[in-house]
Asks: 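My questions all concern the structure below.
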There are 2 protein chains.
Amino acid sequence: MDKKLATLKEIAKRLNVSISTVSRALHDHRSIGIRTKTRVQQLAKELNYEPNQTAIFFQQRKTFTVGVILPRLSEAFFSSAISGIEDCANKHNYTVLMGQSHDNEEREKKIVETMKNHRVDGLLVSISKNTSSYEHFEALRKYNIPIVFFDCIPRMSNIHYVACNMQSGTIQAINFLIDKGHRVIGMINGPEKLLACQERQDGYMKAMARNRLKFDPFLLISTDLSTEMVYEATRQLLNSKRKPTAIVAFNDYVALDAVQYARKEKRKINKDICFVSYANLPITNYTAFPPLASVEQFPYQQGQKAMETLLELIDSKKDDSEVATYFKIILDSQLIIHENK
Amino acid sequence: MDKKLATLKEIAKRLNVSISTVSRALHDHRSIGIRTKTRVQQLAKELNYEPNQTAIFFQQRKTFTVGVILPRLSEAFFSSAISGIEDCANKHNYTVLMGQSHDNEEREKKIVETMKNHRVDGLLVSISKNTSSYEHFEALRKYNIPIVFFDCIPRMSNIHYVACNMQSGTIQAINFLIDKGHRVIGMINGPEKLLACQERQDGYMKAMARNRLKFDPFLLISTDLSTEMVYEATRQLLNSKRKPTAIVAFNDYVALDAVQYARKEKRKINKDICFVSYANLPITNYTAFPPLASVEQFPYQQGQKAMETLLELIDSKKDDSEVATYFKIILDSQLIIHENK
DNA sequence: TCTTACGGCACAAACGTTTGCGCTTCTTTT
DNA sequence: AAAAGAAGCGCAAACGTTTGTGCCGTAAGA
């Protein structure tokens with residue numbers, strides 16, 4: 001049995017050459033004669049030689065591995081994003097170490113710890129919406145492990161991130177509704193501390209103002225995105241004094257929950273009340289009352305872009321040029337209007 | 001700046017002790033005196049010492065990393081499964097390296113290669129439905145990397161796997177339909193080469209036979225699960241001589257496609273034609289015409305179980321007891337009847 | 001013919017850890 | 001009081017690779 005994997009040493013011994021010669025021969029180094037080169041390469045093939053990556057990682061202080069930390073893969077946004085990340089990583093011979101925080105701060109911290117111990121070359125993270133302290137990320141600075149945040153960005157200064165500008169899409173969404181004749185428009189937003197929520201709110205207010213519509217704070221409700229709280233928010237909106245005829249929901253899941261609640265209250269969807277949301281998930285194709293339009297956030301592209309900038313950071317680390325500039329990459333969101341069937 | 005991470009050597013030098021003493025002290029080894037032990041541990045804390053895992057991996061020939069290869073995370077089944085895997089892995093201080101094959105054989109092979117090079121301690125894989133040769137998995141035997149397959153199992157002998165018995169759930173599904181008065185029941189199945197499809201078929205035939213219903217081969221259609229082919233299959237079923245009043249679909253996605261096609265043909269869902277499927281995805285809660293019932297496959301539990309058995313294999317490798325017995329773990333699927341709303 | 005150059009290879013250090021073994025210096029036992 | 005044991009620590013090898021440096025011999029230039 002070839003239980004024992006072949007090593008450089010083994011090859012060297014059999015060929016009566018030095019280990020360094022074998023190493024260089026396999027790397028096609030110019031200082032090795034063509035004769036020995038082929039002899040080495042041939043024997044390596046015969047013995048099924050595979051370089052021991054763990055040894056190389058160790059020796060080079062580099063693992064060609066990046067860690068990805070995100071709330072949950074069951075959300076289509078993230079599974080899309082990680083595909084972008086993975087494709088880009090593979091293209092550059094990196095692999096991805098995965099960790100789901102499940103929106104739990106403790107888990108997030110533990111994952112960061114594990115990744116640090118595994119000596120990942122860099123980290124890609126979309127923070128948990130319940131994370132309030134950022135020490136665990138700050139700590140990584142000391143270890144010189146670059147981080148690129150995406151989608152859910154912490155409110156820290158001096159960080160690299162890739163995000164989708166929610167404001168532009170929100171404005172498009174509101175304009176779309178106003179074009180359709182709506183005047184009283186509600187919004188079911190997410191946790192206020194998230195940047196993306198702030199942007200949604202800003203877009204909402206800006207678009208209303210530009211159209212000379214009054215901003216009613218009662219029509220803008222923050223939630224934790226749980227079904228219960230979304231139901232409650234929908235209830236409040238539907239029963240508020242100034243009856244909204246349209247609601248912009250934080251994302252498709254929220255929209256679907258809101259639709260469901262509205263139907264329980266016997267409202268006619270797309271008649272009494274219309275919905276617009278964010279994400280543009282494939283499942284909305286199958287639902288009874290999909291949102292009229294969705295703001296697309298391009299998760300795949302975000303993941304890809306985040307990975308690209310992380311690779312840049314990793315490479316720039318070599319020539320220890322202090323990174324004085326921080327990447328802030330913003331993709332524009334875009335309203336996708338669904339066909340009426 | 002503490003750019004340079006502390007090492008055992010560094011600590012040893014400062015304390016004028018040997019490296020081995022430091023190592024043992026930090027491991028609470030009994031042969032080290034309490035005095036030096038505390039001195040070492042204290043300094044380690046001060047210097048923010050973190051063991052260099054890459055060195056340890058290298059030295060111990062073990063990476064505490066398992067590779068997970070699956071078709072795509074965007075399918076709810078797999079994102080659920082990987083959660084089970086991850087939770088179990090974390091519990092045992094393992095991390096997971098991720099790779100999506102996107103049902104592409106070449107990608108699958110490349111991922112296997114990468115994982116091998118990264119010296120993962122073991123592999124968890126759900127094979128691509130387009131994979132026809134299994135050499136890349138066979139090859140891993142030589143390297144002594146254990147594999148546990150789950151969900152999509154290759155037709156190889158002498159492998160470990162965890163799967164869900166689709167036959168039992170299928171029989172339950174057919175019985176459910178027969179109870180409801182259906183007599184002519186169609187099935188839209190997946191690729192024949194998948195074991196799970198064979199089981200569905202066996203369950204279908206068995207259940208029909210037990211109920212003394214004739215088996216009509218025209219009512220059982222295999223597809224590649226693409227929307228187009230599902231449409232075509234649905235068309236054939238709806239227009240076959242013996243009009244089926246119910247259809248069992250390979251999974252919820254297939255069911256939703258089939259429903260969509262049936263509606264295009266102006267069939268009344270749950271009246272002219274009923275659907276039952278597999279998976280029990282959350283999205284079916286939001287759809288207009290969810291299947292009447294779904295066969296639950298317990299992806300989280302499958303992932304968990306697969307990870308557990310992989311860990312067992314990894315541990316058993318130490319005491320080089322030849323594994324003569326192969327794990328074949330079968331969970332029972334179970335029909336979940338959806339509430340009528 | 002003498003110097004210079006270079007092609008082709010070997011030596012050895014280094015990366016950070018773990019661990020078997022051996023060496024002291026005490027303490028205990030007989 | 002001598003022998004035996006134990007407690008506490010150091011030495012050094014090993015894991016597999018990369019890479020800077022040095023050496024030898026042959027070929028090219030003057």
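We use all heavy atoms of the structure for the numbers below, so side chains are in, but hydrogens, waters and symmetry mates are not. In what follows, chains carry the letters A, B, and so on, assigned in the order in which the sequence lines appear, proteins first and then strands, with residues in each chain numbered from 1.
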Asks: Scan nucleotides 9-19 of chain C nucleotide by nucleotide, 5' to 3', and note B when protein non-hydrogen atoms come under 4.0 Å of the base, S if they reach only the sugar-phosphate, - if neither.
Replies: BBBB--BBBBB
Asks: Is it the case that the side chains of A:Thr21 and A:Ser18 hold a donor-acceptor pair, with the cut-off being a distance below 3.5 Å and no angle test?
Replies: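 Result is yes, a qualifying pair exists.
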Asks: Would you mind reading off the bend of the helix from C:dT1-D:dA30 to C:dT30-D:dA1 from its two end axes, five pairs each, to 10 degrees?
Replies: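 The value is 50°.
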Asks: Grab the two heavy atoms, one from A:Asn104 and one from A:Ser128, that are nearest each other, plus how far apart they are.
Replies: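 In terms of heavy atoms, the two residues are closest at N-OG, 3.7 Å.
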Asks: For A:His29 and D:dT21, what is the distance between atoms NE2 and P respectively, to the nearest whole Å?
Replies: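 Checked: the NE2 to P distance equals 13 Å.
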Asks: Which pair of heavy atoms, one from B:Met115 and one from B:Ile69, lies closest together, and at what distance?
Replies: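 It is CE-CG1, 4.3 Å.
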Asks: Any chance NZ of B:Lys13 has more than 12 other-residue heavy atoms, nucleotides or ligands included, within less than 6.0 Å?
Replies: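 Open: at most 12 neighbouring heavy atoms sit under 6.0 Å from NZ of B:Lys13.
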Asks: For the CD1 atom of B:Ile34 and the CD atom of B:Gln41, what is their distance to the nearest 0.5 Å?
Replies: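 Answer for the CD1-CD pair, B:Ile34 versus B:Gln41, is 7.5 Å.
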Asks: In Å, rounded to the nearest 0.5 Å, how long is the span from OH of A:Tyr326 to CE of A:Met156?
Replies: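 Rounded to the nearest 0.5 Å, the OH-CE separation comes to 9.5 Å.
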Asks: Measure the distance from NZ on B:Lys13 to P on D:dG10 and round it to the nearest whole Å.
Replies: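 After rounding, the reported distance stands at 15 Å.
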Asks: Judged by modelled atom types alone, do B:Thr95 and A:His118 share a side-chain donor-acceptor pair under 3.5 Å?
Replies: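 Side-chain D/A pair, B:Thr95 to A:His118: present.
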Asks: A:Thr131 and side chain to side chain donor-acceptor pair (under 3.5 Å): which partner among A:Glu105, A:His136, A:Glu108?
Replies: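 Of all the options given, the one that passes is A:Glu108.
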